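Have a look at the structure below before the remarks.
This is a predicted model, so every value here is computed, not measured. Just so you know, ligand 1 is whichever comes first in the structure, and atom 1 is the first atom listed for that ligand.
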Amino acid sequence: MKPIELKNGIYWVGAIDWSIRDFHGYETPRGTTYNNYLILDNEITLVDTVKHDFSDITIENIRAIVDPAKIKHIVINHIENDHVTSIDKIMALCPDATIHISAKGEKGLARFYDLSKWKIRIVKSGDTLTIGKRTLLFLETPMLHWPDSMMTYIKEEKLLISQDGFGQHIASASRFDDDYTTCQSVSELEDAITDYYANILMPFGHIIKNKIADIQKLGLEIDMIAPDHGIIFRRDPGKVLNMYMDMANGKSDLSVSIIYDTMWHSTEQMTTPLMRGICDEGVGCKVIKLRATPQSIAVKEFWKSRGVLIGTPTLNNIMFPSVANFLTYLRGLRPKNRIAGAFGSFGWGGGAVKEAYEILKKIGLETYEPGLEVLYRPSADDTSRCYDYGVAFAKKVKEYHKNFA
Ligand code: FEO
């Protein structure tokens, strides 16, 4: 892939990772990209690097435009491995370049590299770097999504290089939101934005709201948002900002995700009447079997819905392992503004549904109780109970959803 010019003299010099499917445990069925940007000005500047496996590719891309030895500044917006682990190879080519990084970024980077050999400038929000006709403004965005994270804004270009913020895991041959050789539809791009938010940024909704408000207060004009993963927004950058504000404010569909696993299909058999009851109440519903669905996709579906029903059989008096695993992952994401119930089958002692509620409460979700349990196999009466539970849960979800109108 050759460099792509985003603005006059500003190039994408990143790499496309078509084959990655497991991004530190997060399923990436569309692959991803590692975006970084080269700015030609009096003082040539590189914003961000790429994952080490792709260091030769970004160097080749830089070389196609300019001799890397001429780079004067490197901005490191974030020190996670997918963005910083080619820094040593790049610095070997431009050893006199100055690295601009947040204080926490520098502290973290020092755990991976010997920084004594490099020129480092610690920057904070509001600091600038004039490189010629352009001035870069640094905006710290701590915990979006690491303590070191920051963004870089170029006023003369109305360009926000947003690091992980507004990213999406999409590998594509083209770079922009107005090029649908990349995403087959607007909805595919929106799905990828939602997926990324749900799995990476969900815990930080309150910070996102504040940071977007800060940007608005600064009156920064933005006509392009260039994240470090996926598609660059130039057609309508306001749309992704609004999507983020909506998600941070708890927006969801009026729908329920039934997320379950099953041993001998009894818990699974409960899902169909539950779904019918929910749908008959006019609420959307998706049924997601955990062993058939990557966890990160189950989280995205959870996030899109106002309600969730967790289904688990009892195994050795506790939850089925795949369900426990899912709830552990969900707990770390600290979801808010969702209502949850639980159901499942058991043979003698039971215990899984009770344990599911304990975790749902620890997560801090609103819970709908009691749960619904079936002995061994759903009978005709049990099937009716499941349907009625679906109706009642959907009613509760509709009522709860009004809080977010
Ligand atoms: Fe794309 Fe937080 O790294």
How far apart are the C-alpha atoms of Asp246 and Lys251, what are their side-chain angles, what is the distance that settles it, and do they pass the salt bridge (Lys or Arg N to Asp or Glu O under 4.0 Å) test? CA-CA 5 Å; Asp246 284 346; Lys251 187 176 176 183; 3.6 Å; yes
Is there a side-chain contact between Glu157 and Ile39 in this structure, where contact means two heavy atoms from C-beta onward sitting under 4.5 Å apart?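 The answer is no; the side chains never approach within 4.5 Å.
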Check whether any N, O or S atom of Asp82 sits under 2.8 Å from atom 2 (Fe) of ligand 1.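 It does not: Asp82 brings no N, O or S atom closer than 2.8 Å to atom 2 (Fe) of ligand 1.
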Taking both backbone and side chain into account, is any N, O or S atom of His145 nearer than 2.8 Å to atom 2 (Fe) of ligand 1?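 Looking at His145, which is the residue asked about, there is an N, O or S atom under 2.8 Å from atom 2 (Fe) of ligand 1.
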Phe393 pairs by ring-ring contact (aromatic ring centres under 6.0 Å, His included) with which of Tyr368, Tyr400, Phe343?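 Answer to the ring-ring contact (aromatic ring centres under 6.0 Å, His included) test with Phe393 among Tyr368, Tyr400, Phe343: Tyr368.
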Taking the side chain from Ser86 and the backbone from Val50, do they hold a donor-acceptor pair closer than 3.5 Å?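 Looks like yes, one N/O pair under 3.5 Å.
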Determine which of the N, O or S atoms in Asp164 is closest to atom 2 (Fe) of ligand 1 and give its atom name.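 Nearest N/O/S atom: OD2.
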Closest to atom 2 (Fe) of ligand 1, which N/O/S atom of Glu80 is it?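 The closest N, O or S atom of Glu80 to atom 2 (Fe) of ligand 1 is OE1.
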Indicate the ring-plane relationship of Tyr197 and Trp303, choosing parallel, tilted or perpendicular according to the 30° and 60° boundaries.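 Aromatic pair Tyr197/Trp303 classed parallel.
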Mind checking whether atom 1 (Fe) of ligand 1 has an N, O or S of His83 under 2.8 Å?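 A backbone or side-chain N, O or S atom of His83 is under 2.8 Å from atom 1 (Fe) of ligand 1.
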